[in-house]
Visitor: 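Dropping a structure here in structure tokens format, bear with me for questions.
Only this structure's heavy atoms are used, side chains among them; waters, hydrogens and symmetry mates stay out.
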Amino acid sequence: QVQLVESGGGLVQAGDSLRLSCAASGRTLSSYAMAWFRQAPGKEREFVAAITRSDDNTYYTDSVKGRFTISRDNAKNTVYLQMKSLKPEDTAVYYCAARLSSGSYFWRRSMSYEYWGQGTQVTVSS
């Protein structure tokens, strides 16, 4: 079992930056592909970014490319999402997800991930 706890959300203005953290316990994250998803009110949960287990390749949804960066620190058992140039449309609850992985894989579908955090709210005002 992996327990994931997100933190770092908050209320910011458009153009500001935030760094979300996802701290894991129970298992080492080095064996997992990790991802961030978000869900805005009235919308489905959507893929934001992922990082593979074995080679730290990263993938992003088009709307955040160049603004968001996903990274992992296996020594701290933590995954991060650095968000820059935030826009009001980035407002959502952000979730961290993990899936046990054997190689350089990632998944865009939320149902592909086994473990989830409780989410952290990000609100961007215009």
Visitor: With a 4.5 Å limit on heavy-atom distance, are the side chains of R67 and Y60 in contact?
Guide: no

Visitor: Mind checking side chain to side chain donor-acceptor pair (under 3.5 Å) for N74 and listing every partner two or more places apart, or none if nothing turns up?
Guide: R72

Visitor: Does the pair K87/D90 count as a salt bridge with the N-to-O cut at 4.0 Å?
Guide: no

Visitor: What I'd like to find out is whether the side chain of V5 reaches to under 4.5 Å of the side chain of Q118, using heavy atoms alone.
Guide: yes

Visitor: Is there a side-chain contact between I51 and F106 in this structure, where contact means two heavy atoms from C-beta onward sitting under 4.5 Å apart?
Guide: no

Visitor: Going by the rule salt bridge (charged side-chain N to carboxylate O under 4.0 Å, His left out), which residues pair with E114 if we only count those two or more places apart in sequence or in a different chain?
Guide: none

Visitor: Between Q39 (side chain only) and V93 (backbone N and O only), is there a donor and an acceptor less than 3.5 Å apart?
Guide: no

Visitor: With sequence neighbours left out, write down each residue that passes salt bridge (charged side-chain N to carboxylate O under 4.0 Å, His left out) with R53, or none if nothing qualifies.
Guide: none

Visitor: Ring centres of Y95 and F37 under 6.0 Å apart?
Guide: no

Visitor: Would Q1 and Y115 satisfy side chain to side chain contact (heavy atoms under 4.5 Å, CB included), going step by step from the backbone distance to the final call?
Guide: CA-CA 8 Å; Q1 285 282 355; Y115 303 101; 3.4 Å; yes

Visitor: Does any donor atom in the side chain of Y94 or R38 lie under 3.5 Å from an acceptor atom in the other side chain?
Guide: yes

Visitor: Counting C-beta onward and ignoring hydrogens, is there a side-chain heavy-atom pair between I70 and F68 closer than 4.5 Å?
Guide: no

Visitor: Would you say the side chains of T91 and E89 form a donor-acceptor pair under 3.5 Å?
Guide: no

Visitor: Answer yes if L86 and V48 sit in the same cluster of Ile, Leu, Val, Met, Phe, Trp and Tyr residues linked by side chain heavy atoms under 4.5 Å apart, and no otherwise.
Guide: yes

Visitor: Using a 4.5 Å cut-off on heavy atoms from C-beta on, say whether the side chain of T78 contacts that of L29.
Guide: no

Visitor: Going by the rule side chain to side chain donor-acceptor pair (under 3.5 Å), which residues pair with S30 if we only count those two or more places apart in sequence or in a different chain?
Guide: T28

Visitor: Roughly how far, to the nearest 0.5 Å, is CE of M83 from CG of D16?
Guide: 10.5 Å

Visitor: Is atom CZ of R45 surrounded by more than 12 heavy atoms (other residues, nucleotides or ligands) closer than 6.0 Å?
Guide: yes

Visitor: State, to 0.1 Å, how close A92 and A40 come at their nearest heavy-atom pair, and which atoms those are.
Guide: CB-N, 3.8 Å

Visitor: If Ile, Leu, Val, Met, Phe, Trp and Tyr residues are connected whenever their side-chain heavy atoms lie under 4.5 Å apart, and connections chain through other members, are W107 and W116 in the same group?
Guide: yes

Visitor: Would you compute the distance between atom CG of D56 and atom OG of S71 and round it to the nearest 0.5 angstrom?
Guide: 9.0 Å

Visitor: Is W36 reachable from Y80 through a run of I, L, V, M, F, W or Y residues, each pair having side-chain heavy atoms under 4.5 Å apart?
Guide: no

Visitor: Treat each ILVMFWY residue as a node, draw an edge where side-chain heavy atoms are under 4.5 Å apart, and state whether Y113 and L20 are in one component.
Guide: no

Visitor: As an exercise, state the distance from CG of L81 to CZ of R19, rounded to the nearest 0.5 Å.
Guide: 10.5 Å

Visitor: Where the side chain of N77 meets the backbone of A24, is there a donor-acceptor pair that is under 3.5 Å apart?
Guide: yes

Visitor: Tell me which pairs pass disulfide bond (SG atoms under 2.5 Å apart) where either residue lies in residues 81-126, with sequence neighbours left out.
Guide: C22-C96

Visitor: Output the distance between atom OG (S112) and atom CZ (F47), rounded to the nearest 0.5 Å.
Guide: 10.5 Å

Visitor: What's the separation between atom CG in L11 and atom CD in Q121, rounded to the nearest 0.5 Å?
Guide: 9.5 Å

Visitor: Answer whether the closest heavy-atom distance between the side chains of Y32 and M34 falls below 4.5 Å.
Guide: yes

Visitor: Has the side chain of S31 got a donor or acceptor atom that lies under 3.5 Å from a matching backbone atom of S101?
Guide: no

Visitor: With sequence neighbours left out, write down each residue that passes side chain to side chain donor-acceptor pair (under 3.5 Å) with Q82, or none if nothing qualifies.
Guide: none

Visitor: Would you check if T52 and Y59 make a side-chain contact, meaning some heavy-atom pair closer than 4.5 Å?
Guide: yes

